[in-house]
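Okay, structure first, notes after.
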Amino acid sequence: MTSRRDFLRGTLAGTGAVAAAAVAPRAEARPMPERSPDAVGLLFDGTLCIGCKACVSACKEVNDLPLDYNSPVDALWDTPLDTTARTFNVIKVYKDGDLSQKDSVENGYAFTKASCYHCVDPSCVSACPVSAMTKDKVTGIVEYDANICIGCRYCVAACPFGIPKYDYDSPTGAIGKCELCRHRTEDGQYAACAEVCPTGATLFGKVGDLLEEARRRVALEPGGTTVYPRGDITNGPDQSWEGPVANYQQHIYGEHEGGGTQVLHIGAIPHQKLGLPALPEYSYASRSEGLQHGLYSGLVLPLALFGAMTWAARRNSRHDDEEGGEK
Amino acid sequence: MSSHGHVEHAPVGGRLFTPVTFFLAMLVILALAVLGVRFIHGLGAVTNLNDGYPWGIWVVADVVIGSAFACGGFAVAALVYIFNRGEYHPLIRPALLASLLGYTLAGVGVLFDLGRYWNFYHIFLPGYAHVNSVMFEVALCVSLYIMVLWIEFSPAILEKFGLKHARKKLVGTMYIFIGLGMVLPMMHQSSLGSLLIVFGHQVHPLWQTMWLPLIFLLTAMLMGYAIILFESCVAAAGYRRSVEVHLLNPMARLMLWLLAGFLAFRFADLIARGALGYAFEGSLQAIFFWLEIACFALTFYLLRSSEARRNPANLFLGGVALLMGGILLRINAYLIGYDPGAHWSYFPSVGELVVTIGIFALKILAYIIITRRFPVLPREHAPATH
Amino acid sequence: MHKELKELAEAWYARPIEDRLGMTRRGFMQFCATLATTLGLSRGAEAQIQKAIEQARRPSVIWLHFQECTGCTESMLRAEHPTLEKLILDVISLDYHETLFAAAGHQFEAARIQAMTENKGKYLLVIEGAIPTRENGIYCKIGGHTAIDLARECAADAAAVIAIGSCAAWGGMPSTSPNPTGATGVDSILDRPVVNIPGCPPNPYNFLATVVHFLTFGTLPEVDHEGRPLFAYSRLIHDHCERRAHFDAGRFAMEFGDEGHRKGYCLYKLGCKGPETYANCPTVLFGDVGAGTWPVGCGHPCIGCTEQGVGFEKPIHTLAQLKSVHPPISFPRIHEQQGSGAKTGEAAVIAAVAGAAAGAGAMLARNLGKARPADAPAERTDKDGGSA
């Protein structure tokens, strides 16, 4: 009979092995991917947004989405409170005080657009157990396939922006989120929200071009005028217009946040006031997957553990075996 | 070698239809009614789930906590087979049964919660499997472990039907399943913690740590021992059997050492991350953190000395306190400490509660039926008169 | 004026107003009500207006033209309720108007001087067109006098000064860059308050209502910071536009003649200045021919003609700056409260379960405690479903 001391030693050794396994990945968090050179995305400029919601209605139309009511009593208008499984894109408003000044933190208001950010290293893709949520290698669009999805909603919980949404009101509910109108690209069209935006507040294009445009805008002298492109900055026809320059925050949201996103935000009031979380420069997915890779890379650790356990069990259950035979 | 290897198991016997089983069956039927509505009208019809809290108590209570409750089999198997403490052998079968029921119903509970349950088999299709996903790991391991548990428990079934030859064959290879039965729970119980890592800042710093897998694994083992304390006492009381204090007392002592190690580690991690300060804020999270810690501390108090541990009431309450600590850790990490933004709120609906209660009722009901008819509990020298 | 003519005129005015205006009594009452509505006056005001028009001595009106296109006058002539020529001949005494007068030369200028003398301090001065100021205003002269001098001379003894059209209001078209003549609005060269009725052309009823307000109440209507009557210029075109629903729904005409344009979608993207222009065009309409008869109604974007800094200043295709400062309620805020907290039902279920579990647990513990030493059988206790 083994002593308690042996048992404790064994327990501690086992615990130590697991602990060591958990330590290992900390040192080697999975490296984060780079943006694909052909990655497409959106640039949202809050100073240009006039709150017309053309993007909201166009999104509904091209994605064939039903109306979304926030109150069962007054089901007259499409009034989603946020993005939902039936609303992939929403214009939200920041309000303060008497609302007299656009793009002012105090006594002002500002618009922002909520839709998928198409992260460079998306949590939802990392979370999905069945590859229903995937990231296109070329366009970088985070795509969803309801036919694969098992509806576990891990993506819903994991997204730091709260973008994938599940339809709880249907017995066959699916996840709904912006897929940058990938179903329209075959016809040479692009994201409908950018296509209809009257001011170019939502601009479509390759992320490199969008980043360049964003950097150009935030560097402009406030109060001057500049030319704002509309539609598709990379391939579209020139639809630019000239307008006044707002007092931009010197930050391009999405350039580095959470490992970078393909939908970038610039504007005149701090991004955190507009509900955009302050994210670290690393992606959460790189942490989570780094840990998993450390624990399970090549299944070395589980197999070693399994070998040890089986060996011990065989040694210690031989008696059972005989006992079984006796019966 | 095991010195206590020879254990005889026997059905407890007695009536299956009693006021208790009837009451439990009623709870199960109520849950089935709610589930009927859920499958016809969708999750929103019976749950308070929303896009801020896409996981409610069906995930946290039925699966995360339910499976931790079911770690008794794993915990005792570790004692008996890995650390060769054969004297605990009598505890194995009842613990295995509880694990079997716990995991099977956790697996079934997942199906209730899955929005697109008919696609569940995609987990097993290599073309769809996403190996980087923590959820994939959990789903696969839990599914495999449920199978392993049935195999581990099958000798009891084969004995019941007198299939001695099949039983003998099976027992000869049992050590493989015992090995799997050790590795799989270690993998997915730790992964139930890893699940939260990708949530990033959405999980409160008191719980968000890269050490979550270890924290969840250690507490799952602790809860496994605690559930054995709990179960032994309840089964003894229910079937008017004697409490196996001679086994539970030393086991509880070992459990305390593990608990002490866990708590030391928990605080070391909090201090190392500089997160302990959050415990002294006047927040709901801080209150629940201290509740969680208080439950663990209470276990220490109740099981403080060998004298205290000889009192079955203390063994029972100590088990309950430790279980509560483990439950709170899981509720805290998944719900109280999960913050998708202050504008989201969630509290389980009556429908959700009814289903969760129904699942636990079904576990107890099945436990009663199986222990009365199958050779699970060790044969008593003074047989139950029930 | 000849004595005979004066007598004739006296006799003319002795007749009932509806005869004089060539309209039925009912038509006249409708006209008064229309004006009262345009002015945004309270119920009963139409009676006051009716009384004022019937009884008041026709006020003398002197109408000056400077740098303009006479569009304002043309627009006035096309009013229908009643026809404006009836009105300007019968309701007011138009004693000087370059376009409408048959007289010419010195005779014409004499009429102005005579009217000013006879109605000193009582006549209304209406100015149409911008006033050039560069090089002492030599770019616009009438009868040898510069516009500046004429305006100042006539304004000195006027009861009130009304600047009609955008040119008179702030300089309008002639004042656009590079503004070679230094064209400016009337109020910048006069030291007295001026009521501006901007528009290119302005709606005749806005002018008429201002005059009738003066007739009825003896005062000019309330004005905004740009001297525009509030009854006509306090509301944003965008807020009353018949196409507003399309704006709110995000349906825009992208170019002239496209599907959206044909379907009557919002013209914002074509450069409509409705969102930054204050005027009552969408509610009063033009030309008295019914619905849709205003620029946006006809499918052309508003050019912002009543708004200094917009009309003639911003290119027609340039996007407007939205002036509706209060975003409508239908925008979700950044964080909207969602989900449900604990309610009575749920709390009751949890309390019941917790109570049952605690009770069963306590009972179990008590019985287990009694059962010491361990080998003695425990007291009978039923397992409780809630104890899990």
Side-chain angles (χ1 to χ4, degrees), chain A residues 1-2 4 7-8 10-11 15 18-19 22 26 84 123 126-131 146 148-154 156-158 160 162 165-166 168-174 277 279 284-285 287-289 291-292 295-296 302 305-306 309-310 312-314 316-317 319-321 323-325 327, chain B residues 1-3 5-6 39-44 49 51 54-55 81-85 114-117 119-120 122-123 128-130 132-137 139 164 167-168 171-172 174-176 178-180 182-183 186-187 194 197-202 210-211 213-214 217 254 257-258 261 340:
Chain A
M1 185 174 174
T2 46
R4 196 182 71 232
F7 169 75
L8 288 176
T11 310
T15 310
V18 178
R26 271 166 79 86
T84 69
S123 292
S126 171
C128 184
V130 290
S131 317
I148 302 175
C149 176
I150 62 170
C152 70
R153 308 188 298 284
Y154 190 19
V156 180
K165 301 277 164 83
Y166 175 77
Y168 300 88
D169 295 330
S170 159
T172 57
L279 294 180
Y284 294 140
R287 288 297 166 97
S288 174
E289 289 189 21
L291 180 76
Q292 288 298 95
L295 287 174
Y296 296 107
L305 204 56
F306 174 61
M309 295 293 165
T310 314
R314 176 156 198 187
N316 298 329
S317 69
H319 191 77
D320 279 11
D321 203 1
E323 174 207 327
K327 275 200 159 183
Chain B
M1 287 296 128
S2 252
S3 52
H6 191 85
F39 282 108
I40 294 167
H41 295 291
L43 281 167
L49 293 177
D51 284 315
W55 287 352
Y81 294 115
I82 308 306
F83 301 111
N84 198 21
R85 301 294 298 261
L114 283 183
R116 304 176 74 76
Y117 47 88
N119 282 339
F120 182 73
H122 288 171
I123 289 273
Y128 290 146
H130 181 229
N132 291 332
S133 166
V134 187
M135 178 65 91
F136 167 74
E137 203 267 325
K164 286 188 180 166
R167 184 188 178 282
K168 191 179 173 182
V171 169
M174 192 57 90
Y175 63 91
I176 297 173
I178 292 168
L180 275 176
M182 292 305 301
V183 178
M186 284 178 89
M187 283 168 75
S194 310
I197 285 173
V198 79
F199 292 4
H201 69 276
Q202 295 182 102
M210 289 302 277
W211 292 97
L214 186 60
L217 177 60
L254 297 174
W257 279 103
L258 191 58

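Because the structure is a prediction, the values reported are computed rather than measured. What you see below is based on every heavy atom in this structure, not just the backbone, and it leaves out hydrogens, waters and symmetry mates.
- The side-chain heavy atoms of A/Y166 and B/D51, taken from C-beta on, include a pair separated by under 4.5 Å.
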Handout entry: Residue pair B/N119, A/V130: steps toward the side chain to side chain contact (heavy atoms under 4.5 Å, CB included) verdict
Key = CA-CA 10 Å; B/N119 282 339; A/V130 290; over 6 Å; no
Practice task
Test side chain to side chain contact (heavy atoms under 4.5 Å, CB included) on B/N132 and A/Q292 and set out the steps.
Solution key: CA-CA 7 Å; B/N132 291 332; A/Q292 288 298 95; over 6 Å; no
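- Within the 4.5 angstrom heavy-atom criterion, only backbone atoms of B/F39 (N, CA, C, O) approach chain A.
- If you tally non-hydrogen atom pairs under 4.5 Å between each of B/L49, B/I40, B/I176 and chain A, the highest count goes to B/L49.
- Counting heavy atoms from C-beta on, the side chains of A/M309 and B/Y81 never come closer than 4.5 Å.
- Ring planes of B/W55 and A/Y154: parallel class, angle under 30° (limits at 30 and 60°).
- Top candidate by heavy-atom pairs under 4.5 Å with chain A, chosen from B/F120, B/F199, B/F136, is B/F199.
- A/S170 touches chain B through its backbone: at least one of N, CA, C or O sits under 4.5 Å from a heavy atom, while the side chain does not.
- Not one N or O on the side chain of A/R287 forms a donor-acceptor pair closer than 3.5 Å with the backbone of B/M210.
- Both the backbone and the side chain of B/H122 have a heavy atom closer than 4.5 Å to some heavy atom of chain A.
- When all heavy atoms of B/I82 and A/A312 are compared, the closest pair comes out as CD1-CB, 3.9 Å.
- When all heavy atoms of A/G173 and B/R116 are compared, the pair lying nearest together is O-NH1, 3.1 Å.
- Closest non-hydrogen pair, A/F306 versus B/V183, comes out as CA-CG2, 3.2 Å.
- Note on B/G42, B/P54, B/G44: by heavy-atom pairs under 4.5 Å with chain A, the leading option is B/P54.
- No donor-acceptor pair closer than 3.5 Å links the side chain of B/Y117 to the backbone N or O of A/G151.
- In terms of heavy-atom proximity, A/P302 sits nearest to B/M187 at CB-SD, 3.9 Å.
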